[in-house]
Every structure is written in C-alpha cells, then in structure tokens.
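First comes the structure, then the notes that go with it.
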Amino acid sequence: QVQLVESGGGLVQPGGSLRLSCAASGSISRIYTMGWYRQAPGKQRELVATITSDGILNYVDSVKGRFTISRDNAKNTVYLQMNSLKPEDTAVYYCNAHVRMVLGGRNDYWGQGTQVTVSS
C-alpha cells in the first residue's frame, strides 16, 4: 500500500556532501514520523535522524552539526543533507515512515536502501 523510493546515495570523498531524498506514495492519510537509519557492514542498523509531522527533530550524536533532516509534507518527502562526511558514515541508508493509512491503522514502511560510501 505504501512505497518509499530513495535516491541520492553514492561515492564521496571525506569532507564532501550528499543529499538523500525519500518520497512516499500510496494509500496515505498522514505520515507522522519520517526518518533515516543506516547499517554498516557487520554492524546493527542504527537511527540517524527523525522528524515528526510537527517538525520535532532527533539526531544520533555522531551526526549532530553535520547532518540535517527536513521534510516537505505536501510532497510526502523527507531529505537528509549530509555534510562533512567521514569514512565512518559509510553505510546503507534506509528511509522509514510511520504512516496512518487511508483505511485506518498505522504502520511502519521502509525504503529499499541507498549506498553511501565515503572514501579517499
């Protein structure tokens, strides 16, 4: 019923920038919270940043001051601007949305993941 399509990943040198986008579509009544998670090889998936429909922000400490999450509610799209990238940021980044469905109920949906590689 809901699809999240991610884009913007790629290869970048340390200190560089990338902007990830995630657009949600489907039988959506409201998207309460959207966020980005990442999973590096051999590590657990971790929360990177979230933003509620009211604009409340949450970041993991390691990205504060470098990453900025934002959303365009009219487009059902969330963005992650990543600056001053470090090799430690290398991971597959997944978009997440907590959605109220048109027919009722709430559910979490995940994007397919986009690879971010930070390397010299």
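As the structure is a computational prediction, the values presented were derived from the model and not from experiment.
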- Interatomic spacing from CG in Leu85 to OG1 in Thr90 - rounded to 0.5 Å: 8.5 Å

- Derivation and outcome, side chain to side chain donor-acceptor pair (under 3.5 Å), residues Gln1 and Ser27: CA-CA 6 Å; Gln1 294 292 335; Ser27 301; 3.0 Å; yes

- Query: Is the Phe67 to Trp36 ring centre distance short of 6.0 Å?
  - Reply: no

- Query: Do Val63 and Leu47 share a hydrophobic cluster, counting only Ile, Leu, Val, Met, Phe, Trp and Tyr and linking them when any side-chain heavy atoms are less than 4.5 Å apart?
  - Reply: no

- Close side-chain approach of Asn96 and Leu4, heavy atoms under 4.5 Å: no

- Message: side chain to side chain donor-acceptor pair (under 3.5 Å) for Gln115 and Thr117? Distances and angles first, verdict last.
- Response: CA-CA 6 Å; Gln115 177 71 50; Thr117 302; 3.3 Å; yes

- Is there a donor-acceptor pair closer than 3.5 Å between any side-chain N or O of Thr77 and the backbone N or O of Lys75? yes

- Using a strict 4.0 Å threshold on nitrogen-to-oxygen distance, state whether Asp61 and Lys64 make a salt bridge. yes

- Item | Closest non-hydrogen atom pair, Gly113 against Val92 | CA-CG1, 3.8 Å

- Item | N/O donor-acceptor pair under 3.5 Å between Glu46 side chain and Tyr37 backbone | no

- Query: Centre of Tyr94's six-membered ring, under 6.0 Å away, within 45 degrees of the axis: is that where NZ or CZ of Arg45 sits?
  - Reply: yes

- Straight-line distance of Gln44 CD to Arg38 CZ, nearest 0.5 Å: 14.0 Å

- Looking at Tyr59 and Ile69, what are the two nearest heavy atoms and their distance? OH-N, 3.0 Å

- Task: Treat each ILVMFWY residue as a node, draw an edge where side-chain heavy atoms are under 4.5 Å apart, and state whether Ile51 and Ile28 are in one component.
- Result: yes

- Greater than 12 external heavy atoms within 6.0 Å of Arg66's CZ: yes

- Just by distance, do the side chain of Asp54 and the backbone of Ile56 share a donor-acceptor pair under 3.5 Å? no

- For the residue pair Arg30 and Ser53, establish whether any side-chain heavy-atom pair is separated by less than 4.5 Å. yes

- Item | Exam field: side chain Thr50 to backbone Gly35, donor-acceptor pair closer than 3.5 Å | no

- Would you check if Met82 and Leu20 make a side-chain contact, meaning some heavy-atom pair closer than 4.5 Å? yes

- Heavy-atom nearest pair, Gln112 first then Val5, reads OE1-CA, 4.0 Å

- Query: Is the backbone of Val99 close enough, under 3.5 Å, to the side chain of Asp108 for a donor and an acceptor to pair up by distance?
  - Reply: no

- Could you check if a side-chain atom of Gln3 sits within less than 4.5 angstrom of a side-chain atom of Ser25, using non-hydrogen atoms only? yes

- Message: Within the 4.5 Å heavy-atom criterion, are Ile31 and Asn76 side-chain neighbours or not?
- Response: yes

- Message: Given the ring of Tyr79, does Arg71 sit roughly above its face, with NZ or CZ under 6.0 Å from the centre of the six-membered ring and within 45° of the axis?
- Response: no

- Message: For a quick test of reading the model, state the closest non-hydrogen atom pair linking Ser17 to Ser84 and the distance between them.
- Response: OG-N, 4.3 Å

- Item | Nearest-0.5 Å distance, OG of residue Ser70 to CG of residue Leu80 | 8.5 Å

- Query: Can you check whether Pro87 reaches Ser119 side chain to side chain, under 4.5 Å on heavy atoms?
  - Reply: no

- Quick one: does Glu6's side chain have a donor or acceptor within less than 3.5 Å of a partner on Thr114's backbone? yes

